[in-house]
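Since the structure comes first, as structure tokens, the remarks are kept for the end.
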Number of protein chains: 2
Amino acid sequence: MRMDERKKRVLAAVVQDYILTGEPVGSRTIARRYNLGVSPATIRNEMADLEEMGLLEQPHTSAGRIPSDSGYRYYVDCLMAPEKLTPAEEEYVRRRYNQKMLEIEQVLEETARLLSEMTAYTAVALGPYQNNAVLEQVQVLPVYSTNKALLVAITSTGLVEHRLFVIPENVTPEDLSRISRVLNAKLQGLALEELRLEVLKDIYREVAEHRGLIKQVIDLLQQVLALESGEKVYLEGILNILSQPEFKNLEKVKDILAFLEREEALRRIFNAAPGSGLTVRIGQENKEEGIDKCSVVTISYAVEGRIRGKVGLLGPTRMHYSRAISVLQCVADSLSRALEQFYR
Amino acid sequence: MRMDERKKRVLAAVVQDYILTGEPVGSRTIARRYNLGVSPATIRNEMADLEEMGLLEQPHTSAGRIPSDSGYRYYVDCLMAPEKLTPAEEEYVRRRYNQKMLEIEQVLEETARLLSEMTAYTAVALGPYQNNAVLEQVQVLPVYSTNKALLVAITSTGLVEHRLFVIPENVTPEDLSRISRVLNAKLQGLALEELRLEVLKDIYREVAEHRGLIKQVIDLLQQVLALESGEKVYLEGILNILSQPEFKNLEKVKDILAFLEREEALRRIFNAAPGSGLTVRIGQENKEEGIDKCSVVTISYAVEGRIRGKVGLLGPTRMHYSRAISVLQCVADSLSRALEQFYR
DNA sequence: TTTAGCACTCTTAAGCCAAGAGTGCTAAGA
DNA sequence: TCTTAGCACTCTTGGCTTAAGAGTGCTAAA
């Protein structure tokens, strides 16, 4: 069976109408609403063909057709018209990023919120990636009235992490400040994976005492800056899932929420997309449990040409793809620009 | 109508059975399962009385009875037998707190997780309160390759906050370190509300230049340590709500989730309880929107006799109160002890 | 190749009925 | 006076039937 022009128009009509209404769409509806210039009977024939090709399916004999995963796939790849955001919306996005946001965490959280608000889907922001990150700054501060110290680390990706830890009795604030100086001198510019034994030895040469303490600090550093700790997941608009008519069934909602609660699964889904650019994964194409009735649209954001993380949307397969993609592109673009400025 | 001994036993039986099964309970069931030594007919009379007293209600004529909010209230206040946790469970809780947890955020997050896991309800941990907190330590660190600096503040409650901010071109790392010294000398031990103009003037007297910068730092400090920023909300086990048979109705679930998404509302509910100790709020007693079919049990945790925050559980009014309370008490106790050690 | 016409299928909502659960009332018994 | 057996009554639930409605697929004619 070949895909001719009219079949495409029928498929597009079915997908669009179904996305709009959520009801299976029949031949009569299409004939009436989309003037293809042919009768319902002709459209019926085309729909039967499209079903045989696996692009449409019927919930039951006497219902209209709904797109299959492949149907959506074809629509997204070949038929969908890109939908421009209105200037007002673009302006709105720009304004949201013009607020003073100095911490990258804040920027990403705000991004997820913006996305979910503009699309009424569940939004995710992920990042920043810590591969290629190097240590910018390390500091060990005394916490005066306790037996603790605070380790603060800043990476080149703008991530700030800290951790309190117990120090031995005999360590003075001066010791800590000296250790900070040495650590900074030795570690600055090092990639996280380079925090190895050699470095430790090198540092030992500088500082005679407090070896245990230094070892402890380096261990903590590795812990705190472990790769996955950088890829934080910001999730917004969970409630939106419940508003989708296809998820009236409590069981499905449960599956999806269970998925969203498993942060590693979320990370996997979002990082599965190869490299940069826009990815649309539809229904069964999502290999994680619980979201085989969902579509996930992701796009990466970058700073200075290097991918720093992902943002994306999760909704039903009956997703308003063109809208979702436009919003995502606009937001990712503004986000990249905001971060560009952030990293200077 | 007076409450006699037998009425109490019948009410207790109804509540217990309903909590157990989730089904309206009839007179026959009670006669069979709880041997009160009287016939179903007698129990029927008692139940009619209890209904008239407003403690029980009937979903419809031919169904059994279910407890009303007042019924639960009476049960919780007067009838409920405290339920001890098994030694194994107490040991389990203790073990969970024996892990190395050095950041208070981590401890509270873990607490919420533990609570939700042990009760299958939604769990909340809130804190630490920042009233009475004083500044422990302030530091401004240069971030070398950028035009930014990092402000780090530690309060006496163990809260660590940081914020990146842009500094003028002409500020050197030495300047920052000097500023840090002065800030520390002047601000240490000060309550957050005391960061006022006088302090600023006092500092200006020490440092001739960089007044703008110092002003900026103080402003940031106030922002970062604003009261509510301390009372973080840790939420776990949202999914548990969906498992409750009374929330099969999607609308109710939506209401509850909407409530849980509004952090201020959560804070209000948890802080509404006067002072310390255990609070049980049942159904309509909860004045926030969306949770009038839920019960909220809260308890405060304290360090050195001072309340530092709250933990609690949210479930259906058909909650296993004795279990919830026991778990909560045990966990709050362990939490307090863990923090005692944390603050040394 | 297109389309009008029509029989056919399947869902949905409504109505009805029988079964089951549980009640309230009454009258007899302790 | 309190308790309880007995019974009629009410209300929900599930199953069944029916009618309406939507939409299809097929056939035959244009």
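Letters A, B, ... are given to chains in the order of the sequence lines, protein chains preceding strands, and every chain is numbered from 1.
Taking the six-membered ring where the residue is Trp, the centroids of A/Y321 and A/Y75 are separated by 6.0 Å or more.
In this entry the distance linking CG of B/L56 with P of C/dG22 reads 15 Å, nearest Å. If you measure from atom CD of B/E23 to atom P of D/dT12, you get 15 Å, rounded to the nearest angstrom. If you measure from atom CD1 of A/I30 to atom C1' of D/dA22, you get 15 Å, rounded to the nearest angstrom. Rounded to whole angstrom, the span from the CG atom of A/D4 across to the P atom of C/dT2 amounts to 9 Å. A straight line from CD1 of A/I43 to C1' of C/dT2 spans 12 Å, rounded to a whole angstrom. Remark: P of D/dA22 and CE of A/M47 are 16 Å apart, rounded to the nearest angstrom. Put simply, NE2 on B/H60 is 9 Å from P on D/dC11, counting in whole angstrom units. Between the P atom of D/dT24 and the CD atom of A/E51 lies a distance of 10 Å, rounded to the nearest Å.
Closest to the side chain of A/S39, from the set C/dA4, C/dG24, D/dA5, is C/dA4. In this structure, the nucleotide among D/dT24, D/dA5, C/dT3 sitting nearest to the side chain of B/A41 is D/dA5. For B/R44, the side-chain atoms get nearest to C/dT23 when compared with the rest of D/dA5, C/dT23, C/dT3. Looking at the side chain of A/S62, the nearest of the listed nucleotides D/dG25, D/dT4, C/dT9 is C/dT9. Of the listed nucleotides (D/dG23, C/dC10, C/dT23), C/dC10 has the atom at the smallest distance from the side chain of A/T61. Listed nucleotides: C/dT3, D/dT24, C/dT23. Nearest to the side chain of B/Q58: C/dT23.
Contact check on A/R323 versus A/E89 returns a salt bridge, with a Lys/Arg side-chain nitrogen under 4.0 Å from an Asp/Glu carboxylate oxygen.
Using a 4.5 Å cut-off on side-chain heavy atoms (C-beta onward), B/S27 and B/M47 make contact. The closest side-chain heavy-atom distance from B/S295 to B/Y121 is not below 4.5 Å.
Of the candidates B/V280, B/T119, B/D333, B/V311, B/V311 is the only one forming a side chain to side chain contact (heavy atoms under 4.5 Å, CB included) with B/L328.
OP1 or OP2 of D/dG21 has not a single side-chain nitrogen or oxygen of A/R28 nearer than 4.0 Å. In terms of phosphate contacts, B/T42 brings a side-chain nitrogen or oxygen within less than 4.0 Å of OP1 or OP2 of D/dT4. Between B/R65 and C/dT23 there is a side-chain polar atom (N or O) within less than 4.0 angstrom of OP1 or OP2.
Remark on DNA chain D: of its neighbouring residues A/G64 and B/P40, the 5'-side contact belongs to B/P40, judged by nearest-heavy-atom nucleotide.
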